[in-house]
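These notes are about the structure you will find just below.
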2 protein chains.
Amino acid sequence: MKQEIKKNAPQELNPNVSVDCVIFGFDFDKLNVLVIDRADGTSVPLALPGNLIYNHEHLDQAAIRVLEELTGLRNIYLEQIGAFGDPQRISKASDQSWLQKVRDQPEARVITVAYFSLVKMEDYIPQASSFAKSAAWVPLNDIHELAFDHLEILSAAKRQLKQMINIRPIGFNLLPEKFTLGQLHKLYEAILDKPMDKRNFRRKIQKLNLVKSLEEKQLGVPHKPSQLFMFDEKKYQNLMQTGINNFGF
Amino acid sequence: MKQEIKKNAPQELNPNVSVDCVIFGFDFDKLNVLVIDRADGTSVPLALPGNLIYNHEHLDQAAIRVLEELTGLRNIYLEQIGAFGDPQRISKASDQSWLQKVRDQPEARVITVAYFSLVKMEDYIPQASSFAKSAAWVPLNDIHELAFDHLEILSAAKRQLKQMINIRPIGFNLLPEKFTLGQLHKLYEAILDKPMDKRNFRRKIQKLNLVKSLEEKQLGVPHKPSQLFMFDEKKYQNLMQTGINNFGF
DNA sequence: GTTGCTTTGTGTCATTTTAACACTTTCAAA
DNA sequence: TTTGAAAGTGTTAAAATGACACAAAGCAAC
C-alpha cells in the first residue's frame, strides 16, 4: 500500500530534504516523547524519528512513512511544525554514518520538515514491538540532548502544542477512550506546564459539552473511584470544523 | 554583505528547495499582497516572490535574499508559514521556463518553504523602484489565481495572520509611525475579515497601554480630525517577550 | 455663513467569564 | 478502625464582553 510508485519516476531518496517526527505520549503523569537510538550500543545522542524523503512522495506522506518504518506507528495524524534550514544543521551532528550511506557528498545540504502528533501511549509499547531496540518513550523533561538540531525542533513542537491546545481539543488524542477528569486535568497541566485550579478546570471542561459522563466508575483504585468519561464524537468534530472556538485556559 | 560565501562551498542553487514570500500591505482600507509578474507581457499567472535557495545559506536568509532580489524590499522580518511538499506542485505550473534555466531535469522535485511579513505600504512603492515591471501590490480579495500552488500558500498565510494577530501585536507593522485609532480599527477588521464594534475595539486597545496618544491631530481631512497615536516601543517589546498575552479579539 | 456630509469620540448596563478558595466523600490498604 | 489519597462540589468578587446612540469638529458646496 505505501510502496506505490507514481508514474515511472525512480524511487529515489532526495538528498536535500528530510522529515522528522515529534511524537508525544502521556503516561497520566507527564509528557513523553518517542525517540530512536540509531547507533547500536555506542553512545550517540538519541534522535527524533526522521529520514530523507523520496522524490515522488508528498512531504506529509513521507513523514507518515518514515514514522512507520522507524517505530511501527501507523495511521497517525501528523501536524506540520515547520521547516528547519540551518545549512550547518547536519554537519553539527556527531554521527554521520547513516547519512553517508545514502549520499555521496558528506557535506550536502539537508533541510528538514518537522511534524508532531499526539498518541495514546497504551497504543504503542516499544518493548513489545519489533522495534524494541530502536524506539523508546522518554520523559520530555529528561531530554537534554538530541542529535542534530532535534532539540530545537522539540522545543518548537512544545511551543506549538501549548499554543494549539488552546485552539483545538487536540489533547484528547493522548487519552484512552475512557478517562477521568483528573487525568484530563493532569494532561492540561503537563502541556501548559503550570498548575491549574481543579474546580475551575472542571467547570470549564463541562461547559464545553465535549465530554459525556459514563455510568461506569474506576475500579481498584485505593481512593474514591472517579467517574469515567468519553468524548462526544459529534461535538468534537463540530468543534474542529467550526474551528478555533475559544478553548483557552 | 549578502553575498558571502562560507568555507569553500560552491555557491550553487539547490534544485530541490525554494522559498516564497507573502508580503502583506495595508492601504488604510484593505489588505494587499505583493506579487510579481515573471513573464514579460505574456499572460502567465502572477506569482509570489520566490526562488530556489543556495546550498550554503540558511532558509531564513534565503527568503530575505530572494525577496530583495525580486522586489527590492530590504530588512524585512519574515515569519515562516511552513513547507509545501506536493510532489506535483511545480509541474502543475503553466510556465516552467525559469525553472529550466537552473535545473537540468525538468521534472525535478521542488519543495518550498513559505514566509510572510507585514510592511508599511508607504515604505515600498513599486512604481518608483527599479523593479517597476515585475512587482506590484494587488488587493488580497482580487487574487483568484496564482502560479504553482501559490494560492494555497496565500491561503495558509491569511490563516496564520488571522491567528497570530490574536497572539502578538504584529498588526502594527502595517501602519505608519503615527496613525489613528480608526485606521487601526479598519486594519483589524481587514485581517479578521469581520466588522467590529468601534467603542469596544477602542476600549480594548486603550487598556493594553500599547499606544500612546500624541498631541498632534490629523490635518486636512474633511471631517473631525482624529487624534494621532504611536506605539509605546517598550510596552511593545514587553508584550512580545513575556509572550502571547491575551490579545484576542 | 448656513447646510450637509463625514468621521471622531464617548458611557452605561446587563451578561458572561474568570480567579480564588476548603471541606466532605469514597475506597483500599494497613 | 484508622489512615492515606484522590474525587467531587459552590460561592463570591472582579473583570471582560457585547450591545447600543448621539453630540462634536472639520471641510465643501451652496
Side-chain angles (χ1 to χ4, degrees), chain A residues 26-30 165-167 169 175-176 178-190 192-230 239 244-249, chain B residues 26-30 165-167 169 175-176 178-190 192-230 239 244-249:
Chain A
F26 180 61
D27 59 11
F28 300 122
D29 179 45
K30 58 197 176 317
I165 203 164
N166 281 329
I167 293 179
L175 291 172
K178 300 172 183 181
F179 56 89
T180 73
L181 289 188
Q183 290 165 348
L184 188 60
H185 182 205
K186 272 218 137 179
L187 172 56
Y188 271 78
E189 290 189 326
L192 296 175
D193 196 27
K194 70 175 183 193
M196 303 169 74
D197 182 86
K198 183 167 52 157
R199 281 178 286 191
N200 294 340
F201 177 83
R202 295 168 83 99
R203 171 159 38 101
K204 196 154 180 177
I205 284 288
Q206 307 243 34
K207 185 143 21 120
L208 291 173
N209 281 332
L210 223 159
V211 294
K212 52 189 181 191
S213 126
L214 303 175
E215 297 306 307
E216 266 172 282
K217 283 178 184 268
Q218 267 184 324
L219 293 177
V221 287
H223 54 262
K224 180 172 177 178
S226 171
Q227 192 68 235
L228 286 173
F229 290 81
M230 283 185 70
L239 260 190
I244 310 175
N245 296 33
N246 58 324
F247 198 76
F249 279 91
Chain B
F26 180 60
D27 60 12
F28 299 122
D29 180 44
K30 57 197 177 318
I165 203 164
N166 281 328
I167 293 180
L175 292 173
K178 300 172 183 182
F179 54 90
T180 73
L181 289 188
Q183 289 165 348
L184 189 59
H185 183 204
K186 271 219 140 181
L187 172 57
Y188 270 78
E189 290 188 325
L192 296 175
D193 196 26
K194 68 176 184 193
M196 303 169 73
D197 182 85
K198 184 168 50 157
R199 282 178 284 191
N200 294 340
F201 177 83
R202 294 168 84 98
R203 173 164 34 120
K204 197 154 179 176
I205 284 290
Q206 307 244 34
K207 186 144 18 125
L208 290 174
N209 281 330
L210 224 159
V211 294
K212 52 188 182 192
S213 125
L214 303 174
E215 298 307 307
E216 268 171 281
K217 283 179 186 267
Q218 266 183 325
L219 293 177
V221 288
H223 55 261
K224 179 172 178 179
S226 171
Q227 191 68 234
L228 286 173
F229 291 81
M230 283 185 70
L239 260 189
I244 311 175
N245 296 32
N246 58 323
F247 199 76
F249 278 91

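Each chain gets a letter, A, B and so on, in the order the sequences are listed, and its residues count up from 1. Computation of the quantities below employed the complete heavy-atom set of this structure, encompassing side-chain atoms and omitting hydrogens, waters and symmetry-equivalent molecules.
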* Full working for side chain to side chain contact (heavy atoms under 4.5 Å, CB included) between B:M230 and B:E216 -> CA-CA 11 Å; B:M230 283 185 70; B:E216 268 171 281; over 6 Å; no
* To do: With B:N200 as reference, evaluate B:K204, B:R203, B:R202 under the side chain to side chain donor-acceptor pair (under 3.5 Å) test and give the passing residue.
  =>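 Testing B:N200 for a side chain to side chain donor-acceptor pair (under 3.5 Å) against B:K204, B:R203, B:R202 leaves exactly one candidate, B:R203.
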* To do: Please answer whether the main-chain N or O of A:F28 pairs with a side-chain N or O of A:Q183 as donor and acceptor at a distance below 3.5 Å.
  =>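 Between the backbone of A:F28 and the side chain of A:Q183 there is no qualifying donor-acceptor contact (under 3.5 Å).
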For [X] and [N], what is the distance between atoms [atom1] and [atom2] respectively, to the nearest whole Å?
X: B:L181; N: C:dT8; atom1: CG; atom2: C1'; result: 10 Å
X: A:L184; N: D:dG8; atom1: CG; atom2: P; result: 13 Å
X: A:K186; N: D:dA6; atom1: NZ; atom2: C1'; result: 11 Å
X: B:Q206; N: D:dT17; atom1: CD; atom2: P; result: 15 Å
X: B:N166; N: D:dT17; atom1: CG; atom2: P; result: 11 Å
X: A:H185; N: D:dG8; atom1: NE2; atom2: C1'; result: 13 Å
X: A:I205; N: C:dT18; atom1: CD1; atom2: P; result: 12 Å
X: A:L208; N: C:dT16; atom1: CG; atom2: P; result: 16 Å

[atom1]-[atom2] distance between [X] and [Y], expressed to the nearest 0.5 angstrom:
X: B:F201; Y: B:L181; atom1: CZ; atom2: CG; result: 7.0 Å
X: A:H185; Y: A:M196; atom1: NE2; atom2: CE; result: 6.0 Å
X: A:D27; Y: A:L187; atom1: CG; atom2: CG; result: 10.5 Å

* Contact letters for nucleotides 20-30 of chain D, in which S counts primed atoms plus P, OP1 and OP2 and B counts the base, heavy atoms under 4.0 Å -> BB--BBBS---
* Looking at every strand, decide which applies to A:Q218 at a 4.0 Å heavy-atom threshold: base, sugar-phosphate, or nothing. =>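 A:Q218: no heavy atom of the nucleic acid under 4.0 Å.
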* To do: By nearest nucleotide on DNA chain D, pick out whichever of B:K207 and A:R202 is the more 5' one.
  =>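 Its nearest nucleotide being more 5', the pick is A:R202.
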* Under 4.0 Å between a side-chain N or O of B:S226 and OP1 or OP2 of C:dG9? ->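 So the side chain of B:S226 is within the cut-off, an N or O lying under 4.0 Å from OP1 or OP2 of C:dG9.
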* So, is A:K204 close to the C:dT17 phosphate, meaning a side-chain N or O under 4.0 Å from OP1 or OP2? ->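 It does not, given that no N or O in the side chain of A:K204 lies less than 4.0 Å from OP1 or OP2 of C:dT17.
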* Partner residues of A:D193 under the salt bridge (charged side-chain N to carboxylate O under 4.0 Å, His left out) criterion, sequence neighbours left out ->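 By the salt bridge (charged side-chain N to carboxylate O under 4.0 Å, His left out) rule, A:D193 matches no residue at all.
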